[in-house]
There are 2 protein chains.
Amino acid sequence: MQRMTRQRSAVTEALAGLEEFRSAQQIHELLREQGVGVGLATVYRTLQSLTEDGDVDVLRSADGEAVYRKCARSGHHHHLVCRRCGRTVEIEGPGVEEWADQVGSAHGFSAIEHTVELSGVCAPCRSAGA
Amino acid sequence: MQRMTRQRSAVTEALAGLEEFRSAQQIHELLREQGVGVGLATVYRTLQSLTEDGDVDVLRSADGEAVYRKCARSGHHHHLVCRRCGRTVEIEGPGVEEWADQVGSAHGFSAIEHTVELSGVCAPCRSAGA
DNA sequence: CACGGTTTGACAATCATTCTCAACATTGCT
DNA sequence: AGCAATGTTGAGAATGATTGTCAAACCGTG
């Protein structure tokens, strides 16, 4: 059973107000700044729970830290992240799923799962920067 | 300048004798079992160095631990890993690169990079058991 | 409002990875 | 081979994210 507590809604709202991926620590810090007292362990637990429910996406930054973001679309999808500013676009991989299954079974694998993440430099950052 | 030390070649050889992805800790343990004394920090440093040189692949397991494997092919490639036994097949993504670039530029992004990893259950594992 | 299972939070505990720095090994040079 | 210069090593400390602990606070229900 899932109870709606002050802390859980605080984390949910914090995510709702965020467009980009943030680490559990950053979210904890953010809540603290807003004067909302929530324990760090609770933030971790809540994010995990939300992830399991499919309400947030989780992926790993280059240094292995887990970063979270609310899901914009419900089904399976991938991300295109700007390496400069972190701007994120959720994308679909038409054909990627099929390709994954094909390649998998071609090698005798079943129950194929896949991870596809794209990164690049977005237009604003490109014109803005060095 | 890169010196060839007993430790560096030990790590390189250990990787050469391995087919699947292993964590730095596992490689360290493996070397220890073989009676080759190599410090853990050294294993980490060496793996990092080899990774930078493009001689080994690195990816993150589900729990965020970094795992390494020697590169079988030189160019860009992806992996299909068995979730049961760790057996790994290196694969090409015909069209994946193009798709990535297309999607990227469609959203105004440039300098697109991508991560594509597949996992599944290989035939031996599937027949072997529950 | 009382109750019982949930959830919380401060803090300890893990665990992978990196840092520190003195002792040591490798390479280039003679 | 002998030597100096400089990259490398390793034991252990340090860091940092994440998880575990467990008593106290809390939520939804009867």
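Keep in mind it's a predicted model, so treat the numbers as computed, not measured. Here is how names work: the chains are called A, B, and so on, in the same order as the sequence lines, proteins then strands, and each is numbered from 1.
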Colleague: The test is side-chain hydrogen bond (donor to acceptor under 3.5 Å, both in side chains); show your working for A/Glu117 and B/Thr115 and say whether it passes.
Modeller: CA-CA 5 Å; A/Glu117 300 297 340; B/Thr115 299; over 6 Å; no
Colleague: Tell me whether the rings of B/His79 and B/Phe21 are parallel (<30°), tilted (30 to 60°) or perpendicular (>60°).
Modeller: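 Rings of B/His79 and B/Phe21: perpendicular, as their planes differ by over 60°.
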Colleague: Should A/Val56 and A/Leu80 be regarded as members of a common hydrophobic cluster, given that ILVMFWY residues are connected when their side-chain heavy atoms come within less than 4.5 Å of each other, either directly or indirectly?
Modeller: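 Different clusters: A/Val56 never reaches A/Leu80 through Ile, Leu, Val, Met, Phe, Trp or Tyr contacts under 4.5 Å.
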Colleague: Given atom CD of B/Glu29 and atom P of C/dA16, what is their separation to the nearest angstrom?
Modeller: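 After rounding, the gap between these two atoms is 12 Å.
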Colleague: Look at the side chain of B/Gln25 and decide which nucleotide, out of D/dG12, C/dT17, D/dA17, has an atom nearest to it.
Modeller: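 The closest nucleotide is C/dT17.
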Colleague: Can you tell me how far P of C/dG9 sits from CG of A/Leu31, to the nearest Å?
Modeller: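 Distance, rounded to whole Å: 11 Å.
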Colleague: Report the distance from atom CZ of A/Arg22 to atom C1' of D/dA17, rounded to the nearest whole Å.
Modeller: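 A/Arg22 atom CZ is separated from D/dA17 atom C1' by 18 Å.
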Colleague: Identify each atom pair where a protein N or O and an N or O of nucleotides 6-9 of chain D are less than 3.5 Å apart, giving names and distance.
Modeller:
from	atom 1	to	atom 2	distance (Å)
D/dT6	O2	B/Arg3	NH1	3.2
D/dT6	O2	B/Arg3	NH2	2.6
D/dG7	O4'	B/Arg3	NH2	3.4
D/dG7	N3	B/Arg3	NH1	3.4
D/dT8	OP1	B/Met1	O	3.2
D/dT8	OP1	B/Gln2	OE1	2.6
D/dT9	OP1	B/Thr5	OG1	3.0
D/dT9	O3'	B/Gln7	NE2	2.9

Colleague: Respond yes when some side-chain nitrogen or oxygen of A/Tyr44 is under 4.0 Å from OP1 or OP2 of D/dT18, and no when none is.
Modeller: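 Looking at the OP1 and OP2 atoms of D/dT18, one of them is under 4.0 Å from a side-chain N or O of A/Tyr44.
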Colleague: Among C/dC19, D/dT18, C/dG9, which is the nearest nucleotide to the side chain of A/Arg60?
Modeller: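 In terms of side-chain proximity for A/Arg60, the closest of C/dC19, D/dT18, C/dG9 is D/dT18.
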Colleague: Can you give each donor-acceptor pair under 3.5 Å made by side-chain atoms of residues 101-112 of chain B, sequence neighbours left out, with the distance rounded to 0.1 Å?
Modeller:
from	atom 1	to	atom 2	distance (Å)
B/Ser105	OG	B/Asp101	O	2.9
B/Ser105	OG	B/Gln102	O	3.2
B/Ser110	OG	A/Arg126	NE	2.9

Colleague: What integer distance in Å separates A/Glu65:CD from D/dA17:P?
Modeller: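 Result: 6 Å.
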Colleague: For the pair made of CG in A/Leu40 and C1' in D/dT21, what is the distance, rounded to whole Å?
Modeller: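 Nearest whole value for this atom pair: 15 Å.
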Colleague: Expressed in angstrom and rounded to an integer, what is the separation of B/Asp63 atom CG from C/dT17 atom C1'?
Modeller: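 Answer to the nearest Å: 13 Å.
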Colleague: Using whole Å, what does the distance between atom P of nucleotide C/dA16 and atom NE2 of B/His28 come to?
Modeller: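 The distance from NE2 of B/His28 to P of C/dA16 comes to 12 Å, rounded to the nearest Å.
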Colleague: NA contact type, B/Gln26, heavy-atom cut-off 4.0 Å: base, sugar-phosphate, or nothing?
Modeller: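 Contact class for B/Gln26: none.
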Colleague: What orientation do A/Trp99 and B/His78 show, parallel under 30°, tilted 30 to 60°, or perpendicular over 60°?
Modeller: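 Correct class here is perpendicular.
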Colleague: Is a salt bridge present between A/Arg8 and A/Asp55, judged by a nitrogen-to-oxygen distance below 4.0 Å?
Modeller: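 Salt bridge absent between A/Arg8 and A/Asp55.
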Colleague: Quick one: on DNA chain C, does B/Met4 or B/Tyr68 contact a more 5' nucleotide (nearest heavy atom)?
Modeller: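 By nearest-heavy-atom nucleotide position, the 5'-most residue is B/Tyr68.
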Colleague: Do B/Leu31 and B/Gln7 come close enough that some side-chain heavy atom pair is under 4.5 Å?
Modeller: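 SC-SC contact between B/Leu31 and B/Gln7 ruled out.
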Colleague: Between C/dA16 atom C1' and B/Gln48 atom CD, what is the distance in whole Å?
Modeller: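 Roughly 12 Å, once rounded to whole Å.
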